[in-house]
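Chain letters run A, B, ... following the sequence lines, proteins first, then strands; residues in each count from 1. For the numbers below, each heavy atom of this structure counts, side chains included, while hydrogens, waters and symmetry mates do not.
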There are 2 protein chains.
Amino acid sequence: MAGDGGGRAARSRRHDPQRRDRIVAACLEVIAEHGVAGTSHRRVAAAADVPLGSMTYHFSGMDELLRAAFGRFASSVAERFERRLAAAATAADARQAVASIIVGEVFGSRRDLVLTHELYTLAAREPAFRAVTNAWMRRSRAALERHFDTTTALMLDALIEGLTIHEALGTQPRDPALVRLAVDRLAGQPE
Amino acid sequence: MAGDGGGRAARSRRHDPQRRDRIVAACLEVIAEHGVAGTSHRRVAAAADVPLGSMTYHFSGMDELLRAAFGRFASSVAERFERRLAAAATAADARQAVASIIVGEVFGSRRDLVLTHELYTLAAREPAFRAVTNAWMRRSRAALERHFDTTTALMLDALIEGLTIHEALGTQPRDPALVRLAVDRLAGQPE
DNA sequence: CGCTGATATGTACGATCGTACGCATCATGG
DNA sequence: CCATGATGCGTACGATCGTACATATCAGCG
C-alpha cells in the first residue's frame, strides 16, 4: 500500500548494518500487536520501513524471522532477570528480588506478557522454538540457583510463570503482599 | 480439495443437530495441530467433513467459531478439574489431588497443553477471550477454595499454571515428589 | 573516471484466505 | 400429492499471503 517503498526517500541504504536488527525489532512489535497469527512479511516490512524484498533477502523465511525475533526477546528478558537477581546479596534480598520480578519489574509491560505467551504457544507445538525457551529457562534457573537450592529454584520458576499468567489474564490487581507470602512459603525455610 | 463435499454421499443432512458440535470439535483438533495461526474455515470444514458453506452458516465468523471452541474446551477441562477435587474428603486428600492434577491427571495430553496455551495467548491480547479464561479460572478457584483458604487457593492455582508450562515446554520429566513438596510447602501449614 | 561484482529492491505469480450469495433440497400445511 | 418457506450447500470473488527473480544501485579497484 502507501509507503511500501515508493514513498521512501531514495537515500542510500547499502551497507546498512542495522537493517536486520530493525526488521527483528519491528517483527516483535507486529507480533505484540497482531499476534503470530497476524504477522506477515508485508506487515513487518511496513513496520520496519524496509521494502518487502528485504524480508526474503535477510531471512530465509517466516520461521527464521520468528526464531530470530523470539531469540532476541528471550535473551533480553533473561538479561534483565539475571541483573535483577545478581544485585541481591542476602537470601532475604533474593526473595525480595523474586517477588519484585513477579510484581512487575521484569514483566512490567503487557507487550512483554503477550510476547511471552506467543513464544510459549509456538514452543508448545514446534520443537524448534523449544530451543529458545529452554535456553531462556536455563538462564533463569541458573540465576535462581545462585541463591536457592535446585528444588526451590524450580518451584520459584514455576511460581513466576504461573503468577505471570494470572497477571496477563486477570483483570484483578495482583497483590504484592500475597506474592511475597507465596515466595516466602516456597523459599522461606531452607532445608 | 478432495472430499470437500463432492466425495460425500448425498444423504440428507437437514436437521443435523450434531453438525455445529462436530464443527466445534473439529476446530479444536485443527487448532491443536496447526495452531490458531494455521486454522482456517477450509481446514476446519475438511476436518469436520462438512461443506465450506456450513462455516458461515453456523458461525458469524472466525471469532465466533474460536470462542465456541475454546469455551467448550475450557469447560471440559474445568469439569475434570472439579470432579477430581470434589472427590477429595480430607485436606491431605485435597493436597494429593492438586499434586496429581499437576502431574498429569488433568493435563495429561500434549493436545490439551497446546490448546491451553493457544487460549491464553488469545486471551492475553483480546479481552473477548478473557471472558472464557476468567470463567475457567473462577471455576478452578472455587473448586480449590472448597479445600483451601482464598490466599492458598490463589497460590496453588498459580503453581498449577506454572508447572503446567514447564511440562509443556520442558523436555525434562517432571518429578512427582517435587510437585508434592511444592504443594505441601504452599498449602501444608494452614495459617 | 569507467568497470564490475556484490548488494538491495520492486514487481509479478500462484496459492490460499474469508465471505457473500444464488440455487438445491426437504419438512410441512393444505 | 403439491405448493411453499425454511434450511443448508457449492461456488465464485476480491484481498492478501509468501516467495522468486529480473533489475537497479553502489563500493572498490585498475
Taking atom P of C:dA8 as reference, at what distance in whole Å does atom CD1 of A:I23 sit?
10 Å
I'd like to know if B:R83 and B:E79 make a salt bridge, using a cut-off of under 4.0 Å between side-chain N and carboxylate O.
yes
Derivation and outcome, side-chain contact (heavy atoms from CB on, under 4.5 Å), residues B:F148 and B:L186
CA-CA 10 Å; B:F148 306 97; B:L186 280 183; over 6 Å; no
Shortest non-hydrogen contact between B:R95 and B:V183, atoms and distance
O-CG1, 3.8 Å
Taking 4.0 Å as the cut-off, does a side-chain nitrogen or oxygen of A:S54 come that near to OP1 or OP2 on C:dA8?
no
Is there a side-chain contact between A:R19 and the phosphate of C:dT9, meaning an N or O under 4.0 Å from OP1 or OP2?
yes
Rounded to whole angstrom units, what separation is found between the NE2 atom of B:H34 and the C1' atom of C:dC17?
15 Å
Are any of the side-chain nitrogens in A:D175 or A:R180 under 4.0 Å away from the carboxylate oxygens of its partner?
no
Output the rounded distance in Å from OH (B:Y57) to P (D:dT7).
6 Å
I'd like to know whether B:T152 forms a side chain to side chain donor-acceptor pair (under 3.5 Å) with A:R185, so could you lay out the CA-CA distance, the side-chain angles of the two residues, the decisive distance to 0.1 Å, and finally the verdict.
CA-CA 10 Å; B:T152 303; A:R185 278 201 198 166; 3.1 Å; yes
Rounded to whole Å, how long is the line connecting atom CZ of B:F59 with atom P of D:dG8?
13 Å
Presence of salt bridge, A:R111 and A:E29, under 4.0 angstrom:
yes
Report, one pair per line, the protein and nucleotides 18-20 of chain D atoms (nitrogen or oxygen only) whose separation is under 3.5 Å.
from: D:dG18; atom 1: OP1; to: A:H41; atom 2: N; distance (Å): 3.2
from: D:dG18; atom 1: OP2; to: A:H41; atom 2: N; distance (Å): 3.0
from: D:dG18; atom 1: N7; to: A:R42; atom 2: NH1; distance (Å): 2.5
from: D:dG18; atom 1: O6; to: A:R42; atom 2: NH2; distance (Å): 3.0

CZ of A:R22 versus C1' of C:dA8: gap in Å, rounded?
13 Å
